[in-house]
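Before any comments, here is the structure.
Chain naming here is simple, since letters A, B, ... match the order of the sequence lines and numbering starts at 1 in each.
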Amino acid sequence: MKKVATRFAPSPTGPLHIGGVRTALFNWLYSKNKSGTFYLRIEDTDKERSKDEYKDQIINSLKWIGVENDGDEYIQSKKINDHINIAKELLKNGHAYKCYCSNEEIEEQKKRAKQKKVPYIYDRKWRDKSEAEAPINVKPTIRFKSKIDGTSLLKDLVQGDVEIENNTIEDFIILRNDGTPTYNLSASVDDYQMNITHIIRGDDHKINTFKQMQIYLAMKWDLPTFAHIPLIHTAEGKKLSKRDKASTLDDYSTIGIMPEALRNYLLRLGWSYKDKEIFNKEESIKYFNLEGIGKSPSKLDMSRILSMNEHYIKNMDENDLYDQLSAYCENYKHKIPNEKSEIIKNSLRFLKNKAKTLEDIYNNSKYIINDVINFNQEDLKLIDDNAKRIISEFSNNINKIDEFKRDNLEPIIENLIKSNNTNFKGVGQPLRIVLTGSKFGPGIYDIIISLGKDEVQKRLSVQIS
RNA sequence: GGUCCCUUCGUCUAUCGGUUAGGACACAUGGUUUUCAUCCAUGAAAGAGGGGUUCGAUUCCCCUAGGGACCGCCA
């Protein structure tokens, strides 16, 4: 058995979206499950549209979610000469031919096909024509001599056996008239030279696979194994595109989705292992297989992404959570001041209870981070004279205690409730508002203890008008 | 239009001929609670339709309907 090698081969012509990330994840998991190799190949042969910024975005996205390629990135444009050589070889051994059709001629054919509502397929005009008839003013393209008779069978690890009539595959161009190779040629040659054993990709590539298989056959190369996975659809049921909002990883990290959570979500989107929902990195490698991939496309569901993220927030180690929060705040909000980091770390215990995202935790911890409180005007109305009296009584009472802990604070609150003939809300709500600026938030004891005596007194003394 | 693929609760899915069709998210209700949450319990919710094959079909086959992908000198 050859050592398993997979690859993810995006073109840097746009930002990588979440569907591509899932394809990369599946390739990576499959290779790691088989103790194999996973390559990243940047297909940058479209010089017009390829951009370094997209290449960087792709590499960073994969890094962020924890999909790591073995070895350096493979840059396809550096291998163009190899591709051209194979084209020449195919030409020499009769599997390809020069096509002297002009651009206009082809366009005309397409237009006519459209009018007649028949599918356009190149008419193979130059397949058997002698080069002696070639026009002198046209630079030829090189076309692959595709099979005309019979059928081809793709034994797909996800889709099963797929059989098509060979005559539906046209004589596709492998070398443009400027001498550069096209996708199907380059991809085949690279996959062969990189010893790729399993090609896992979106099922939008299925037709390409039949073309690429013919190149393999013509070159007498051993075929790799193919697995075409269903695409991810938007909530509307269409193929995910770069134009859709919430399609790149940055869209998710911006709102405080963590890489582990998104990785877990993506893994379970279109793949399952019994009833198991939560997979850490090791488990996902251990259990991943191609059999678990479903055949139907699946829709993106934000509420599930959120709940997965919530699960990871609640269950991960608090030191790790703090590290993620801290990095998140620095990247997307404001850096957590050094003097506040300990308090926040210690408060994660309760801050995380009401958070689905890192952004939620950040919002919940604003009362700690910000020294000056922005009061909500509606909430402020709840601070009437009675409330002000309670606040001031509370302030006097806590002056008498040294250590802020629940055992010390509880009697004070209880007494205030009794002496003012009110309930917990009557005391807790004014305190919460004056200490945090909001009616909602952590438990009142958590707030008081996290802020500490000095800060609490400072905030209680602020004049509410 | 041609080729290919798909079809189980709203969503992601389990089932590999015999189940009260299971789980998770979301939703609803109730309970706990110190606001908001968390947490716990309960509930509602599905085999696209029609034919076969079979003692028995969600499961196998065919047809119909619906959805999707591809149809570039892009990748």
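- Using a 4.0 Å cut-off, some side-chain N or O of A/Lys295 falls inside it from OP1 or OP2 of B/rC6.
- Under 4.0 Å is where a charged nitrogen must lie from a carboxylate oxygen, and between A/Asp190 and A/Arg7 no such pair does.
- Listed candidates were B/rU11, B/rA37, B/rU34. Nearest to the side chain of A/Tyr445 is B/rU34.
- The existence of a salt bridge linking A/Asp44 and A/Lys55 is excluded, since no basic side-chain nitrogen approaches an acidic carboxylate oxygen closer than 4.0 Å.
- When the side-chain nitrogen and oxygen atoms of A/Ser298 are compared with OP1 and OP2 of B/rU13, one or more of them lie within a distance under 4.0 Å.
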Any chance you could list the contact pattern along nucleotides 39-49 of chain B? Use B for base contacts, S for sugar-phosphate-only contacts and - for none, protein heavy atoms under 4.0 Å, 5' to 3'. -----------

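- Counting non-hydrogen atoms under 4.0 angstrom, A/Gly294 reaches nothing in the nucleic acid.
- Of all nucleotides present, only B/rA65 satisfies the Watson-Crick or G-U wobble test against B/rU7, with each distance under 3.5 Å.
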Quick one, give me the B/S/- string for nucleotides 60-75 of chain B, reading 5' to 3', where B means a protein heavy atom under 4.0 Å from the base and S means that only happens at the primed atoms, P, OP1 or OP2. --------SSSSSBBB

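- Comparing B/rG22, B/rU34, B/rC5 by their closest approach to the side chain of A/Asp275 singles out B/rG22.
- Between A/Lys299 and A/Glu236 there is no salt bridge, since no side-chain N of the basic residue sits under 4.0 Å from a carboxylate O of the acidic one.
- Spacing between B/rU58 and B/rG22 at atom P, rounded to whole Å, works out to 15 Å.
- Place A/Gly441 and A/Ser303 on RNA chain B by their nearest nucleotides, and A/Ser303 ends up nearer the 5' end.
- The side chain of A/Val162 approaches B/rC4 more closely than any other nucleotide in the set B/rA26, B/rC4, B/rU3.
- Pairing of B/rG30, defined by two Watson-Crick or G-U wobble distances under 3.5 Å, is identified with B/rC40.
- The pair A/Arg41-A/Glu43 meets the salt-bridge criterion, with a side-chain N (NZ, NE, NH1 or NH2) lying under 4.0 Å from an Asp/Glu carboxylate O.
- Ionic pairing of A/Glu414 and A/Lys418 is not present here: no N-O contact between side-chain nitrogen and carboxylate oxygen is shorter than 4.0 angstrom.
- Among the atoms of the strands shown, only primed sugar atoms or phosphate atoms (P, OP1, OP2) are found under 4.0 Å from some heavy atom of A/Glu163.
- Using a 30° and 60° split on the angle between ring planes, A/His205 and A/Tyr183 fall in the tilted class, from 30° to 60°.
- The main-chain N or O of A/Leu185 is never found under 3.5 Å from a side-chain atom of A/Gln212 such that the two would form a donor-acceptor pair.
- Comparing B/rC36, B/rU3, B/rC6 by their nearest atom to the side chain of A/Ile164 picks out B/rU3.
- Taking atom C1' on both B/rA24 and B/rA45, the two are 14 Å apart, rounded to the nearest angstrom.
- Nucleotides B/rA69 and B/rA37 place their P atoms 39 Å apart, quoted to the nearest Å.
- Ion pairing of A/Glu170 with A/Arg124 is absent here, as no side-chain N (NZ or NE/NH1/NH2) approaches a carboxylate O to less than 4.0 Å.
- Note on A/Gly443: a base of the nucleic acid sits closer than 4.0 angstrom, heavy atoms only.
- Going from atom CD1 of A/Ile448 over to atom C1' of B/rU34 covers 11 Å, rounded to whole Å.
- Residue side chain A/Arg304 reaches the base of B/rA24 through a donor-acceptor N/O pair under 3.5 Å, judged by distance alone.
- B/rG23 and B/rG56 are spaced 30 Å apart, taking the P atom of each and rounding to whole Å.
- Both tests pass for A/Lys276 against the ring of A/Phe279: distance under 6.0 Å to the centre and angle within 45° of the axis.
- The residues A/Arg268 and A/Glu277 are annotated as salt-bridged, a charged nitrogen and a carboxylate oxygen being separated by less than 4.0 angstrom.
- Take the nearest nucleotide of RNA chain B for A/Phe424 and for A/Thr168: the residue whose nucleotide is more 5' is A/Thr168.
- B/rC12 atom C1' lies 12 Å from atom CZ of A/Phe279, rounded to whole Å.
- What separates CD1 of A/Ile313 from C1' of B/rA37 is a distance of 13 Å, to the nearest Å.
- Put simply, CZ on A/Phe350 is 21 Å from P on B/rU33, counting in whole angstrom units.
- Taking atom P in both B/rA14 and B/rU59, the straight-line distance is 15 Å, to the nearest Å.
- One atom, NZ of A/Lys366, and another, P of B/rC36, lie 21 Å apart when rounded to the nearest Å.
- Looking at heavy-atom distances under 4.0 Å, A/Glu277 makes contact with a base.
- Atom CD1 of A/Ile305 and atom C1' of B/rA24 are 15 Å apart (whole Å).
- Note that A/Arg304 lies outside the cation-pi zone of A/Tyr265, set by a 6.0 Å cut-off to the ring centre and a 45° limit from the axis.
- Taking atom C1' on both nucleotides, B/rC73 is separated from B/rC16 by 47 Å, rounded to a whole Å.
- Applying the Watson-Crick and G-U wobble criteria (two distances, each under 3.5 Å), B/rC16 pairs with nothing in any strand.
- For the side chain to side chain contact (heavy atoms under 4.5 Å, CB included) test, residues two or more places apart in sequence or in another chain that qualify with A/Pro15 are A/Tyr54, A/Gln57, A/Lys242, A/Thr248.
- Heavy atoms of A/Pro230 sit nowhere under 4.0 angstrom from any nucleic acid atom.
- Between the P atoms of B/rG1 and B/rU54, the separation comes to 37 Å (whole Å).
- For the C1' atom pair drawn from B/rC40 and B/rA57, the interatomic distance equals 39 Å after rounding to whole Å.
- The distance from atom CD1 of A/Ile278 to atom C1' of B/rA24 is 9 Å, rounded to the nearest whole Å.
- Distance A/Ile232 CD1 to B/rU13 C1': 15 Å, rounded to the nearest Å.
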